[in-house]
Every structure is written in structure tokens, then in C-alpha cells.
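The next block holds one structure in the form of C-alpha cells; read it before the comments.
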Amino acid sequence: MRPTVVILGRPNVGKSTLFNRLAQRKIAIVDDTPGVTRDRKEVEARIGGHDVLLVDTAGLEEAPPDTVAGRMRQSSEMALRAADLVLFVVDARAGLTPSDRAFAAWLRRSSLPVLLVSNKAEGRGGAAAAMEAYELGLGDPIAVSAEHNEGVGALHEAVSEALGEPPEEEDEDLAVDDPERPLRLAIVGRPNAGKSTLLNALIGEERMITGPEPGLTRDAVAVQWRDATGGRVRLVDTAGMRKKARIAERLEQMSVAATLGALKEAEVVILVVDALLGMDEQDLRIARLAEREGRGVVIAFNKWDAVEDRAATRNRLDDVLTASLAQLKGISVVPLSAKTGRGVDKLMPAVRAAYALWNRRIGTGELNRWFESALTRHPPPAVDGRRVKLRYATMPKARPPTIAVFGTRAEELPEDYRRYLVNAFREAFGMPGVPVRLQLRGTKNPYAEGERE
């Protein structure tokens with residue numbers, strides 16, 4: 001089992017920069033604004049010859065438990081309880097603060113192994129400034145500059161020494177052929193729709209910071225988890241996506257970019273819609289974006305417990321989906337309450353069903369029997385007075401299901417006939433709510449005017 005290495009420290013000492021440096025890729029959002037990281041982030045990394053679970057946490061602050069800062073600290077304390085090693089980060093440039101001293105005393109009482117990291121110690125005098133951290137009583141400070149990649153090698157060595165001899169390497173072939181490859185699932189939606197509350201309800205712990213304040217989640221945060229089937233899931237909670245015109249601050253722009261990145265890496269997307277507000281144009285934009293990226297989509301109709309006229313509310317949602325989201329016809333909708341947990345147990349079965357359809361392949365023989373029947377029922381129209389002759393269809397790939405249609409002037413088929421083929425395919429093979437790609441490949445007629453050798 002991988003040891004867990006947790007990065008702790010007060011806000012703005014460079015924890016997320018160090019996290020990205022040790023992970024060897026940019027995962028956490030980094031900005032000069034204090035308190036950018038609000039939820040802990042996890043990534044598998046290799047440090048000092050050890051495969052570890054590296055955890056970035058929110059800044060430690062003294063604050064009442066009912067405030068955002070207080071909830072951030074509670075999340076960091078939960079991460080600390082699972083830690084095998086703590087990297088306590090201080091800012092060498094700013095010097096020690098009362099908060100640094102208070103949290104160092106707290107760590108000494110915890111009896112956990114701690115490495116003291118004095119960050120921002122680049123340039124002349126950086127190493128000397130880092131030595132002030134001796135006062136904290138946590139051993140020798142390791143002077144680093146995460147931003148400039150200075151001193152990171154010494155940190156790798158210190159982590160290796162603290163964790164002891166690394167275990168023997170496992171057979172790499174097992175990892176490549178691992179049947180337990182996790183389902184990549186992203187939770188998306190508008191701010192304050194209940195995305196983080198839903199994640200907490202799914203995994204059964206207060207993993208994400210939640211509250212009435214909109215926009216609490218700023219980064220895309222991944223959680224490894226097993227659902228009721230025992231299958232592995234890589235579940236990503238994302239920042240709320242507002243209309244583009246309202247995205248002004250640089251930090252929010254980075255949050256939205258992280259959300260888009262998570263959506264593109266996902267296989268299935270849970271779109272969380274506030275049932276009290278209904279599905280508006282922004283929800284539809286997000287759903288269309290997921291469809292354009294070829295992702296399976298399931299709608300979590302949240303706050304269902306607070307809806308008074310449920311029949312009318314559901315009818316309004318169905319009308320919007322029929323009129324404005326035809327490309328995901330038959331999309332699965334799960335009414336639930338993330339806050340109370342009611343209906344949450346129905347969400348993952350719907351996700352697994354969407355994932356199975358998203359992966360489904362149709363044999364060429366079966367596909368062409370359907371194709372001939374579809375052409376007989378509704379032959380393709382002539383284009384500019386010329387006949388379009390469609391010959392056969394194949395399914396070159398799934399994830400999402402993709403049909404390639406071959407024929408003379410196939411690429412000239414009008415849009416309404418393309419929709420007919422997609423909808424006929426969806427109905428014939430029972431693929432509601434899954435993006436379907438249609439590729440049209442024309443064949444040249446060597447005797448047509450202008451095409452002779």
C-alpha cells in the first residue's frame with residue numbers, strides 16, 4: 001500500500017507549487033491570492049524512490065468551525081489523520097509567524113513524522129533565511145524553492161530516509177493490463193448546485209468543503225473511491241461554471257479552465273442541476289459541451305426534497321431536454337437530495353449504465369442489417385438533383401459510439417437526414433442519452449463530370 005505524504009502549512013507559503021513540483025505536473029491551481037486551495041487534492045507520485053499518495057491541503061488558519069476557513073482547517077485535519085509523513089511548509093522570505101509556531105506545536109503533539117520545508121529560499125540569503133525555522137523544534141529545515149526547482153533533490157532524499165526502504169518493484173505488466181482501471185467520472189454544473197455535497201454523499205465522508213457560500217470549490221479535485229459494485233472510480237469534483245460574460249477574475253478563469261480539463265479527461269459526466277431553479281441555458285451549455293467532447297452524461301436533479309410540485313417540475317425539465325438537448329435524447333435523469341442522501345443510491349447505477357452504452361460496439365453484420373432497414377424506411381434525399389447512394393456502414397470505434405457511412409456523395413447528406421440516421425441508430429440499439437458520432441465518407445465516381453483522369 002502506498003504511504004500517504006501530506007503537505008501542510010498556513011496560506012500562501014507555496015504548498016500547491018510544491019505539490020505540482022513533486023507531482024511533476026501542474027495539477028493544483030497556483031496564484032498569489034492567499035487561500036486558493038480550499039479542498040485537499042491527491043495524486044499518485046514518486047518521491048525519493050517511493051510510490052506515494054501525495055496530498056495538498058488548504059491553508060491552516062485559526063478560525064471558528066462554521067466559517068469557510070474553519071471548514072478548510074477541518075478538511076486538513078482529516079488529511080493529517082491519514083498521513084504517514086507530513087511536509088510542514090513555511091515561507092523563508094516572510095519569516096516565521098505566530099500561526100507557524102502554533103501549528104508547529106500542534107504537529108509536535110501529534111507524534112507524526114514531520115519534515116520541515118522552508119520554501120521560497122531561492123537566491124542569496126535564501127538558505128540563511130531558512131535557518132530561522134530551527135526555532136519550531138521540528139528538526140533541520142530543508143531549504144527549497146518549489147517555484148525555481150531548487151533544493152527539491154534534498155527533499156526527495158529526506159522523504160526517502162523518513163519512509164525507509166522502498167518496497168520491491170511490482171511487475172509493470174500487471175499495471176498495464178489491470179482490469180480494475182477506474183471509471184473516470186466528473187461532477188459539473190453551475191455554482192451552488194450541490195456538486196461537492198453530492199461527492200461527499202457518494203463516498204460517505206466529508207471530503208469536500210461545503211456550505212451556503214457559492215463558489216467554494218475553486219479547483220478540480222480528484223478522489224479515488226469504490227462504488228457499491230466494488231468497481232474503482234476516479235471521481236472529480238469541479239468548480240461551478242458561470243456564464244462566460246460573468247467570468248472576470250483571473251482566479252475564476254483558472255478554475256473554469258481546470259473544470260474544462262476535468263471534463264475532457266472524464267468518460268462520464270454527472271451534470272448537477274438545482275431542481276428548485278430548473279435547467280437554464282447555462283446547464284444546457286455545459287451538457288452540450290460534454291456531448292461535443294463525446295462524454296456520457298447523467299443528470300443529477302438535486303434538492304428534490306425541497307420541490308413542492310414534483311410532477312410539474314419534472315415535466316418542465318423533460319420539455320427543456322426534448323426541445324433543447326436532442327443530441328442526448330433519452331438522457332438519464334436521477335432526482336435526488338445530496339444533502340439528505342435520498343435517491344443518491346440510484347445515481348451510480350445510472351452512471352454505470354451510461355458507461356456501458358458509451359463503450360458498446362455493434363458488429364458489422366448487425367449494423368448493416370439495421371442500416372438497410374433505415375434506408376428502406378426513409379431513403380436519402382437527392383442533393384442538387386443528384387442521387388445520394390449510401391452503400392454500407394461500419395463502427396470504427398466506441399467511446400463514444402461512432403458510425404462511419406460510405407457511399408456516393410455521402411458527405412453531402414443534409415443535416416436532417418444525418419439526425420434521422422443517428423436517432424434511428426439510437427432507437428434500434430437502445431442507446432439513450434449517449435453521444436453518437438456520424439462520419440460520412442463519400443466515394444468518387446470516375447465517370448462524373450470533372451473527375452475524369
Side-chain angles (χ1 to χ4, degrees), residues 1-6 19 23-28 39-46 50-56 78-79 82 167 169-189 195-196 198-208 217 219-239 258-272 290 293-298 300 332 334 338 344-361 397-401 433-435:
M1 188 172 175
R2 297 172 188 265
T4 299
V5 177
V6 175
F19 177 80
Q24 297 185 343
R25 59 190 188 277
K26 187 174 180 180
I27 299 170
D39 297 289
R40 61 188 190 268
K41 292 179 70 75
E42 298 176 352
V43 67
E44 294 177 355
R46 190 165 182 85
H50 291 260
D51 291 321
V52 305
L53 182 66
L54 184 64
V55 182
D56 185 24
M78 287 179 66
E169 295 284 338
E170 294 182 0
D171 186 351
E172 291 185 6
D173 291 337
L174 292 178
V176 173
D177 300 325
D178 187 0
E180 284 206 322
R181 192 181 68 81
L183 161 63
R184 298 198 302 274
L185 180 62
I187 300 178
V188 300
K195 298 181 296 298
S196 296
L198 178 58
L199 183 145
N200 290 343
L202 283 169
I203 67 174
E205 67 171 87
E206 293 297 311
R207 179 63 176 77
M208 300 296 295
T217 302
D219 209 342
V221 180
V223 178
Q224 298 283 350
W225 162 66
R226 289 185 185 270
D227 66 5
T229 68
R232 291 177 61 202
V233 181
R234 184 178 185 272
L235 184 58
V236 181
D237 185 25
T238 63
T259 297
L260 293 173
L263 187 148
K264 289 176 180 179
E265 290 181 7
E267 294 165 324
V268 181
V269 169
I270 297 173
L271 172 58
V272 183
E293 292 296 334
R295 307 302 169 226
V297 182
V298 173
S332 182
V334 181
V344 173
D345 59 327
K346 296 180 175 62
L347 183 58
M348 282 308 297
V351 167
R352 289 284 181 189
Y355 180 66
L357 293 177
W358 188 73
N359 277 285
R360 187 178 173 195
R361 279 185 174 276
K397 72 183 204 66
R399 304 168 65 88
V434 178

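A pairwise comparison of heavy atoms in Phe19 and Val43 identifies CZ-CG1, 3.5 Å as the closest pair. The two atoms that bring Pro435 and Pro400 nearest to each other are O-CB, 3.4 Å, heavy atoms only. In terms of heavy-atom proximity, Val344 sits nearest to Ala338 at CG2-CA, 4.2 Å. Closest non-hydrogen pair, Val434 versus Ala354, comes out as CG2-O, 4.3 Å. Across all non-hydrogen atoms, the minimal contact from Leu183 to Tyr355 is CD1-CD1, 3.3 Å. What you find for Arg234 and Pro182 is that their closest heavy atoms are N-CB, 3.8 Å.
Remark: side-chain polar atoms of Arg360 are not paired, donor with acceptor, to backbone N or O of Trp358 under 3.5 angstrom. The backbone N or O of His50 lies less than 3.5 Å from no partner atom in the side chain of Arg46, so there is not a single donor-acceptor pair.
Atom-to-atom distance recorded for Leu347:CG and Leu202:CG is 5.5 Å, nearest 0.5 angstrom. A distance of 7.5 Å separates CG in Leu185 from CH2 in Trp225, rounded to the nearest 0.5 Å. Atom CG of Leu271 and atom NZ of Lys195 lie 9.5 Å apart (nearest 0.5 Å). Here Arg361 contributes atom CZ and Arg399 contributes atom CZ; the two are 10.0 Å apart, rounded to the nearest 0.5 Å. Taken from CE in Met348 to CG in Leu235, the straight-line distance is 7.5 Å, to the nearest 0.5 Å.
Within the 4.5 Å cutoff, the side chain of Val233 has heavy atoms near those of the Arg352 side chain. In this structure, the side chains of Val5 and Val55 stay at 4.5 Å or more apart for every pair of heavy atoms. Taking 4.5 Å as the limit, some side-chain heavy atom of Thr4 sits within range of a side-chain heavy atom of Val6. Proximity of Val272 to Ile187: side-chain heavy atoms (C-beta onward) are separated by under 4.5 Å at one or more points.
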Stepwise, does the salt bridge (charged side-chain N to carboxylate O under 4.0 Å, His left out) test hold for Arg232 with Asp227? CA-CA 7 Å; Arg232 291 177 61 202; Asp227 66 5; over 6 Å; no
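Counted within 6.0 Å of NZ on Lys397, heavy atoms from surrounding residues, nucleotides or ligands total more than 12; the atom is thus considered enclosed.
The pair Arg2-Glu44 meets the salt-bridge criterion, since a charged nitrogen lies less than 4.0 angstrom from a carboxylate oxygen.
Residues meeting the side chain to side chain donor-acceptor pair (under 3.5 Å) test with Arg184, sequence neighbours left out: none.
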